[in-house]
Amino acid sequence: MFGIPGKQAVSMTPRAAAQILKLMQREGHEGLRIGVKKGGCAGMEYTMDYVDAVDPNDEVVEEGGARILIAPMAQMFLFGTEIDYETSLLESGFRFNNPNVVEACGCGESIKFAEN
């Protein structure tokens, strides 16, 4: 919808692709749908949900067998984002390296985009 021909809307690191594939295979899901919603101290939050049926309006990104679906209303906010999966001594989780974010809260869960 908001893409550039020949360029994927988002990319995944090998660690993120491996974790997404693992999650897909665990319950037989078709992929993970990512999006954004209002909330958090900075104004917006990322969302991730299992997908059992692909919506024809979703942007589909596949790498190494992992499949991410981008909700239509989130495509313009996520374009150019790299999704990574990090593991540390205390926590593990997905990290969104999004060039469209102009501000994030201290915990990194809430984001803000530039207002036009």
Side-chain angles (χ1 to χ4, degrees):
M1 180 179 259
F2 292 97
I4 296 173
K7 182 168 172 57
Q8 291 186 328
V10 300
S11 62
M12 295 176 253
T13 65
R15 289 185 305 246
Q19 183 65 22
I20 291 168
L21 183 60
K22 182 178 167 182
L23 292 171
M24 287 171 55
Q25 292 174 337
R26 182 181 301 161
E27 299 288 332
H29 299 291
E30 289 292 315
L32 292 177
R33 180 175 288 116
I34 61 172
V36 293
K37 68 176 184 175
K38 290 188 181 219
C41 52
M44 302 285 280
E45 297 175 319
Y46 293 111
T47 62
M48 292 187 88
D49 298 299
Y50 291 112
V51 175
D52 293 321
V54 177
D55 183 316
N57 294 316
D58 285 340
E59 178 78 20
V60 179
V61 176
E62 294 182 271
E63 288 185 27
R67 183 178 299 125
I68 289 178
L69 299 103
I70 306 171
M73 296 304 290
Q75 291 175 15
M76 67 184 196
F77 296 108
L78 297 172
F79 192 78
T81 298
E82 177 192 62
I83 301 170
D84 194 9
Y85 187 79
E86 297 177 353
T87 302
S88 71
L89 186 59
L90 297 175
E91 64 183 2
S92 62
F94 290 100
R95 300 286 181 252
F96 291 77
N97 300 314
N98 187 336
N100 306 303
V101 171
V102 295
E103 187 178 319
C105 67
C107 67
E109 298 294 324
S110 181
I111 52 176
K112 182 177 181 181
F113 298 101
E115 295 180 22
N116 292 335

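Residues passing the side-chain hydrogen bond (donor to acceptor under 3.5 Å, both in side chains) test with Thr13, sequence neighbours excluded: Asp84. In terms of the side-chain hydrogen bond (donor to acceptor under 3.5 Å, both in side chains) criterion, residue partners of Ser92 (sequence neighbours excluded) are, by chain and number, Tyr85. The side-chain hydrogen bond (donor to acceptor under 3.5 Å, both in side chains) check on Asp49 picks up nothing, with sequence neighbours excluded. By the side chain to side chain contact (heavy atoms under 4.5 Å, CB included) test, Thr81 is found to be paired with Val10, Leu78, Ile83, Phe96, Asn98, Pro99, residues two or more places apart in sequence or in another chain being considered.
The line from CD of Glu82 to CZ of Arg95 is 13.0 Å long, rounded to the nearest 0.5 Å.
Within the structure, ring pair (Phe, Tyr, Trp, His ring centres under 6.0 Å) pairs that include any residue of residues 55-74 do not occur (at least two apart or interchain).
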Mind listing the side-chain donor-acceptor pairs of residues 16-32 below 3.5 Å, one per line with the distance, residues two or more places apart or on another chain?
{"residue": "His29", "atom": "ND1", "partner": "Asp52", "partner atom": "OD1", "Å": "2.6"}
{"residue": "Glu30", "atom": "OE1", "partner": "Arg67", "partner atom": "NH1", "Å": "3.2"}

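The side-chain heavy atoms of Ile70 and Asp58, taken from C-beta on, include no pair separated by under 4.5 Å. You'll find the side chain of Glu86 stays beyond 4.5 Å of the side chain of Glu91, heavy atoms only. Looking at Leu69 and Val54, their side chains come closer than 4.5 Å, going by heavy atoms from C-beta outward. By the 4.5 Å heavy-atom criterion applied to side chains, Ile68 and Met12 are counted as neighbours.
Under the 4.5 Å side-chain heavy-atom criterion for grouping Ile, Leu, Val, Met, Phe, Trp and Tyr, Val61 is connected to Met76 within one hydrophobic cluster. The cluster map of Ile, Leu, Val, Met, Phe, Trp and Tyr, joined by side-chain heavy atoms under 4.5 Å apart, puts Phe79 and Val60 in different clusters.
The two atoms that bring Ala74 and Val36 nearest to each other are CB-N, 3.8 Å, heavy atoms only.
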